[in-house]
Amino acid sequence: AKELGRNNYQFFTTELNVRAQHRYALEKNLRRALSEQEFLVYYQPKVCLQTSRIVGAEALIRWQMPDVGLIPPDEFIPISEEIGLILPIGRWVLEQSCRQVKIWRETLAPELVISVNISPKQFQDPSLLNIIQQVLHDTGLPGYALQLEITEGLLMGELELLLPIFNAIKKLGISISLDDFGTGFSSLSYLQRFPIDNLKIDRSFIRDIPEKQDSVVLTRAIIAMATALGLSVTAEGVEKSEQLQFLTESRCQEMQGFHFSKPLSATDFENLLTKYIV
Ligand code: C2E
Ligand code: CA
Ligand code: CA
Ligand code: CA
């Protein structure tokens with residue numbers, strides 16, 4: 001038993017070492033990625049359920065790592081948040097996607113709205129508001145063409161600190177969407193306290209429609225509640241036509257998901273716009 005214990009210990013320290021080294025390498029690579037411009041913005045269409053037209057896009061970051069390929073955000077956003085790199089990365093995504101959508105609005109889709117994910121860490125940065133104003137100014141995108149996607153966790157922070165930022169954002173005409181709705185620790189009172197415009201129903205509810213009655217009932221209830229509060233609703237992760245049909249019947253306004261399209265490179269999104277608008 002003693003022998004086994006020692007071996008286990010050794011195994012464990014080696015394992016930790018490997019992980020620490022891996023993490024160190026990842027950090028180094030991430031910093032390089034930023035300076036060498038290895039990040040890309042992909043765009044996933046948001047579709048109006050009434051008209052079936054593309055009304056917006058969500059900006060989703062990708063990392064094009066040399067010799068490795070396209071790395072999804074779940075593999076580097078959490079670490080970027082931990083080491084503070086999310087601030088320059090977040091700013092880059094905002095600027096890049098606003099600049100792109102300004103062009104698309106002028107050429108192909110005059111009413112296109114861009115949704116950008118904002119990490120809670122970015123809200124802790126006192127210069128967030130300045131950055132947003134600067135980006136709108138530099139790109140020429142009107143505030144009402146920008147939507148920020150935030151998560152429920154953020155709303156658990158200090159109301160006194162958050163509310164002035166929210167109000168200033170709203171003054172710029174920017175709308176606010178509550179992402180992953182239904183998965184957090186949401187106290188529904190947040191919806192009254194913060195100037196939220198849109199609820200984005202989490203994929204985990206949509207995924208089980210129509211098979212699971214619970215998901216059907218909850219989704220219906222979320223839509224009814226949001227509508228009563230004057231909020232619009234977006235369903236994410238729509239993969240099947242039954243889900244599309246259910247959401248349309250339930251008077252959900254917008255959908256996003258593989259059923260319509262995966263997130264696309266700027267070139268592919270532009271091709272899609274060309275097909276759809278004309
Ligand atoms: P999210 O904000 O909830 O984004 C939606 C995710 O669901 C995206 O994954 C999208 O590709 C995926 N998705 C959309 N439709 C479907 C579908 O029908 N089926 C399935 N299975 N998946 C679908 P992605 O692009 O890998 O992004 C993962 C997460 O990374 C995002 O979740 C968001 O939390 C974070 N993220 C991405 N870009 C950014 C960014 O620029 N800034 C920050 N702070 N976070 C980001
Ligand atoms: Ca999102
Ligand atoms: Ca989401
Ligand atoms: Ca999510």
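Computed over heavy atoms, backbone and side chain alike; hydrogens, waters and symmetry mates excluded. Order of listing sets the numbers, starting from 1, for every ligand and every atom in it. Throughout, residue positions are numbered sequentially from 1 according to the sequence presented. The structure displayed is predicted, hence computed values, not measured ones.
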K.L.:
Can you sort out which atoms of ligand 1 are near G257, meaning under 4.0 Å from one of its heavy atoms?
P.N.:
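By the 4.0 Å cutoff, the relevant atoms are 15 (N), 18 (O).
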
K.L.:
Does D179, backbone or side chain, put an N or O under 3.5 Å from an N or O of ligand 1?
P.N.:
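Looking only at distances, the answer is yes, because the N/O contact criterion of under 3.5 Å is met.
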
K.L.:
Below 30° counts as parallel, above 60° as perpendicular, anything between as tilted: where do the rings of F76 and W63 land?
P.N.:
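Perpendicular: the ring planes of F76 and W63 meet at over 60°.
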
K.L.:
Going by atom types only, do R31 and S35 share a side-chain donor-acceptor pair under 3.5 Å?
P.N.:
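There is no such pair (donor and acceptor under 3.5 Å, judged by atom type) between the side chains of R31 and S35.
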
K.L.:
Is there a side-chain contact between C98 and L94 in this structure, where contact means two heavy atoms from C-beta onward sitting under 4.5 Å apart?
P.N.:
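Side-chain contact under 4.5 Å: yes.
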
K.L.:
Working note: T234 + L199, criterion side-chain contact (heavy atoms from CB on, under 4.5 Å); need CA distance, chi angles, decisive distance, verdict.
P.N.:
CA-CA 6 Å; T234 305; L199 294 187; over 6 Å; no

K.L.:
Taking 3.0 Å as the cut-off, does an N/O/S atom of D179 lie below it from the Ca ion (ligand 2)?
P.N.:
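An N, O or S atom of D179 is closer than 3.0 Å to the Ca ion (ligand 2), so yes.
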
K.L.:
Work out the angle at the Ca ion (ligand 2) between OE2 of E58 and OE1 of E149, rounded to 10°.
P.N.:
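About 90° at the Ca ion (ligand 2).
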
K.L.:
With a 4.0 Å cut-off, would you call K170 and D197 a salt bridge?
P.N.:
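Counted as a salt bridge, because a side-chain N and a carboxylate O are separated by less than 4.0 Å.
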
K.L.:
Do side-chain atoms of N167 reach the backbone of L163 as a donor and acceptor pair under 3.5 angstrom?
P.N.:
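Side chain of N167 to backbone of L163: a pair is present.
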
K.L.:
Looking at ligand 1, is there an atom of it that comes within less than 4.0 Å of some heavy atom belonging to P263?
P.N.:
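The answer is yes, since P263 has a heavy atom less than 4.0 Å from ligand 1.
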
K.L.:
If you measure from each non-hydrogen atom of V238 to ligand 1, which part falls under 4.0 Å: side chain, backbone, both or neither?
P.N.:
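Under 4.0 Å from ligand 1, V238 contributes backbone atoms alone.
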
K.L.:
Tell me, please, if D180 has any N/O/S atom, main chain or side chain, under 3.0 Å from the Ca ion (ligand 3)?
P.N.:
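Yes, since at least one N, O or S atom of D180 sits under 3.0 Å from the Ca ion (ligand 3).
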
K.L.:
Using a strict threshold of under 4.0 Å (side-chain N to carboxylate O), is an ion pair present between E236 and K46?
P.N.:
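E236 and K46: not salt-bridged.
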
K.L.:
Hey, which atoms in ligand 1 end up nearer than 4.0 Å to a heavy atom of E58?
P.N.:
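Selected atoms, number and element: 2 (O), 4 (O).
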
K.L.:
Is the shortest distance from a Lys or Arg side-chain nitrogen in E111 or R53 to a carboxylate oxygen in the other one below 4.0 Å?
P.N.:
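Result for this pair is no, no salt bridge flagged.
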
K.L.:
Please say whether I61 places an N or O atom under 3.5 Å from an N or O atom belonging to ligand 1.
P.N.:
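It does: an N or O of I61 is found under 3.5 Å from an N or O of ligand 1.
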
K.L.:
In terms of atom number and element, which parts of ligand 1 are under 4.0 angstrom from non-hydrogen atoms of S119?
P.N.:
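Close to S119: 44 (N).
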
K.L.:
Apply side-chain contact (heavy atoms from CB on, under 4.5 Å) to residues M65 and R32 and explain how you reach the verdict.
P.N.:
CA-CA 10 Å; M65 199 181 180; R32 191 208 56 225; 4.3 Å; yes

K.L.:
In plain terms, say whether R23 and E82 are close enough for a salt bridge, that is, a side-chain N and a carboxylate O under 4.0 Å apart.
P.N.:
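Between E82 and R23 there is a salt bridge, with a charged N closer than 4.0 Å to a carboxylate O.
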
K.L.:
Any N/O/S atom, side chain or main chain, of S177 closer to the Ca ion (ligand 2) than 3.0 Å?
P.N.:
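Looking at S177, which is the residue asked about, there is no N, O or S atom under 3.0 Å from the Ca ion (ligand 2).
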
K.L.:
Heavy-atom count check: over 12 atoms from other residues, nucleotides or ligands less than 6.0 Å from Q192 CD?
P.N.:
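At most 12 heavy atoms, drawn from other residues, nucleotides or ligands, come within 6.0 Å of this atom.
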
K.L.:
At under 4.0 Å between heavy atoms, which part of E236 makes contact with ligand 1: side chain, backbone, both or neither?
P.N.:
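For E236, only side-chain atoms sit under 4.0 Å from ligand 1.
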
K.L.:
If the cut-off is 4.0 Å to any non-hydrogen atom of P73, which atoms of ligand 1 fall inside it?
P.N.:
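Contacts of ligand 1 toward P73, numbered from 1: 24 (P), 25 (O), 26 (O), 27 (O), 28 (C), 30 (O), 36 (N), 37 (C).
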
K.L.:
Quick one: which of H259, R203, Q256 has a heavy atom closest to atom 7 (O) of ligand 1?
P.N.:
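Residue with the shortest heavy-atom distance to the ligand atom: R203.
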
K.L.:
Given Q44, R207, E239, which has its nearest heavy atom closest to atom 14 (C) of ligand 1?
P.N.:
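Result: the heavy atom closest to atom 14 (C) of ligand 1 is in Q44.
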
K.L.:
Within a distance under 4.0 Å of any heavy atom of D180, pick out the atoms of ligand 1 and give their elements.
P.N.:
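The atoms of ligand 1 under 4.0 Å from a heavy atom of D180 are 3 (O).
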
K.L.:
Does D138 form a side-chain contact (heavy atoms from CB on, under 4.5 Å) with R99? I'd like the steps, not just the answer.
P.N.:
CA-CA 8 Å; D138 290 352; R99 177 156 290 131; 4.2 Å; yes

K.L.:
Between V93, L94, N117, flag the one that comes closest to atom 45 (N) of ligand 1 by a heavy atom.
P.N.:
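Among V93, L94, N117, the closest heavy atom to atom 45 (N) of ligand 1 belongs to N117.
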
K.L.:
Counting only heavy atoms, which portion of T151 has something under 4.0 Å from ligand 1: side chain, backbone, both, or neither?
P.N.:
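Looking at T151 and ligand 1, no heavy atom falls under 4.0 Å.
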
K.L.:
Examine E236 and say whether one of its N/O/S atoms is closer to the Ca ion (ligand 2) than 3.0 Å.
P.N.:
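Of the N, O and S atoms in E236, none lies under 3.0 Å from the Ca ion (ligand 2), which means no.
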
